[in-house]
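These numbers come from the heavy atoms of this one structure, side chains and all, not from hydrogens, waters or symmetry mates.
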Amino acid sequence: ESQPPIMLLRSAWPGQQRFGTIIWSGDTMSTFETLKNSIAAGLNIQLSGIAWWTTDIGGYKGGDPKSEEFNELIVRWFQYGATCPIFRQHGHRQTEPWLLRNDSYKMVVDIIKMRTSW
């Protein structure tokens, strides 16, 4: 038996939860302000009855895996992302966790292990 398709969308409309859609934040910036806005957006989307929400963990644009500020941001974003229905990292940069500083890499690995143990 075939499964219905799943669509990853940047926008929403009333009743779309019936059609296998996942709302995603779109191409966002790698900033703490964007992370803050993503949390509010995810809560509002889910309160609107749309269960499937995701964001680009770490933001899509910007972010340097060697930067101390970005390392803090990516760890915090992984913490948030672990609580979202869809857990995914994506960005217009090298996104592999092993490119992060050692302490950040270990924290991200722990978050991934926690998420996959549920």
Side-chain angles (χ1 to χ4, degrees):
E1 189 173 317
S2 68
Q3 295 291 320
I6 294 177
M7 298 176 284
L8 183 61
L9 306 170
R10 297 180 199 209
S11 59
W13 65 87
Q16 82 173 45
Q17 65 273 18
R18 298 177 301 193
F19 300 107
T21 57
I22 300 168
I23 301 299
W24 139 75
S25 60
D27 295 337
T28 59
M29 297 300 296
S30 298
T31 66
F32 281 98
E33 183 69 21
T34 301
L35 171 57
K36 177 183 167 187
N37 292 338
S38 293
I39 294 168
L43 291 170
N44 283 301
I45 287 287
Q46 292 185 325
L47 286 170
S48 298
I50 299 171
W52 299 101
W53 160 259
T54 189
T55 184
D56 293 336
I57 292 176
Y60 180 78
K61 298 176 187 171
D64 177 2
K66 296 174 188 152
S67 156
E68 186 174 332
E69 181 179 354
F70 180 72
N71 273 257
E72 174 73 17
L73 174 66
I74 196 92
V75 169
R76 299 295 175 215
W77 214 313
F78 262 97
Q79 289 170 330
Y80 167 61
T83 67
C84 292
I86 307 295
F87 184 56
R88 59 187 279 281
Q89 183 187 22
H90 178 63
H92 189 63
R93 66 179 170 281
Q94 291 182 299
T95 58
E96 294 81 2
W98 55 83
L99 297 174
L100 300 170
R101 293 185 358 235
N102 281 343
D103 56 335
S104 299
Y105 171 73
K106 289 174 187 172
M107 286 185 257
V108 165
V109 167
D110 287 344
I111 294 165
I112 292 169
K113 285 179 181 178
M114 178 191 68
R115 168 64 190 235
T116 58
S117 71
W118 296 343

State plainly whether one hydrophobic cluster holds both Ile45 and Leu47, where clusters connect Ile, Leu, Val, Met, Phe, Trp and Tyr through side-chain heavy atoms under 4.5 angstrom apart.
no

Same cluster or not: Trp77 versus Ile22, using hydrophobic residues (I, L, V, M, F, W, Y) connected whenever any side-chain heavy atoms lie under 4.5 Å apart?
no

Over 12 non-hydrogen atoms of neighbours within 6.0 angstrom of CD in Gln94:
no

Do Ile50 and Ile86 sit in the same hydrophobic cluster, where Ile, Leu, Val, Met, Phe, Trp and Tyr count as joined when their side-chain heavy atoms come under 4.5 Å apart?
no

Inter- and intrachain pairs under salt bridge (Lys or Arg N to Asp or Glu O under 4.0 Å), touching residues 36-47, at least two apart
none

Please list, chain by chain and in numerical order, all residues satisfying side chain to side chain donor-acceptor pair (under 3.5 Å) with Asn102, sequence neighbours excluded.
none

Give the cluster check for Leu43 versus Ile57: same hydrophobic cluster or not, with ILVMFWY residues linked at side-chain heavy-atom distances below 4.5 Å.
yes

Which ILVMFWY residues are connected to Met29, directly or by a chain of links, through side-chain heavy atoms under 4.5 Å apart?
none

State the CG-OH distance between Asn71 and Tyr105, to the nearest 0.5 angstrom.
13.5 Å

Scanning both residues in full, the closest heavy-atom pair of Val108 with Pro97 reads CG1-CB, 3.9 Å

Side chain to side chain donor-acceptor pair (under 3.5 Å) partners of Arg88, counting only residues at least two apart
Asp56

Can you name the nearest heavy-atom pair linking Ala82 to Ile111, along with the distance?
CB-CG2, 3.8 Å

The side chain to side chain donor-acceptor pair (under 3.5 Å) partners of Ser25 (sequence neighbours excluded) come to Thr55

Which heavy-atom pair separates Gly58 from Ser30 by the least distance, and what is that distance?
O-OG, 2.6 Å

Quick one: which residue pairs count as a ring-ring contact (aromatic ring centres under 6.0 Å, His included) with a foot in residues 33-68, not counting sequence neighbours?
Tyr60-His90, Tyr60-His92

Who pairs with Thr34 by side chain to side chain donor-acceptor pair (under 3.5 Å), at least two apart in sequence or on another chain?
Thr31

Please list all pairs passing the side chain to side chain donor-acceptor pair (under 3.5 Å) test where one or both residues lie in residues 106-118, with sequence neighbours left out.
none

Using salt bridge (charged side-chain N to carboxylate O under 4.0 Å, His left out) as the criterion, list what pairs up with Arg101, not counting sequence neighbours.
Asp103

Got a sec, which pairs hit salt bridge (Lys or Arg N to Asp or Glu O under 4.0 Å) with one end in residues 15-24, sequence neighbours left out?
none

Is there a path of hydrophobic side-chain contacts, each under 4.5 Å between heavy atoms of I, L, V, M, F, W or Y residues, that connects Phe87 with Met114?
no

Could you list all the salt bridge (Lys or Arg N to Asp or Glu O under 4.0 Å) pairs where at least one residue sits in residues 59-73, not counting sequence neighbours?
Glu72-Arg76

Once you round to the nearest 0.5 Å, how far does SG of Cys84 lie from CD1 of Ile39?
8.5 Å

Contacts under 3.5 angstrom, residues 6-17 side chains, donor-acceptor by atom type, not counting sequence neighbours:
| from | atom 1 | to | atom 2 | distance (Å) |
| --- | --- | --- | --- | --- |
| Gln16 | OE1 | Trp13 | N | 2.8 |
| Gln16 | NE2 | Thr21 | OG1 | 3.0 |

Test your reading of the model: is there a side-chain donor-acceptor pair from Gln89 to the backbone of Thr95, 3.5 Å cut-off?
yes

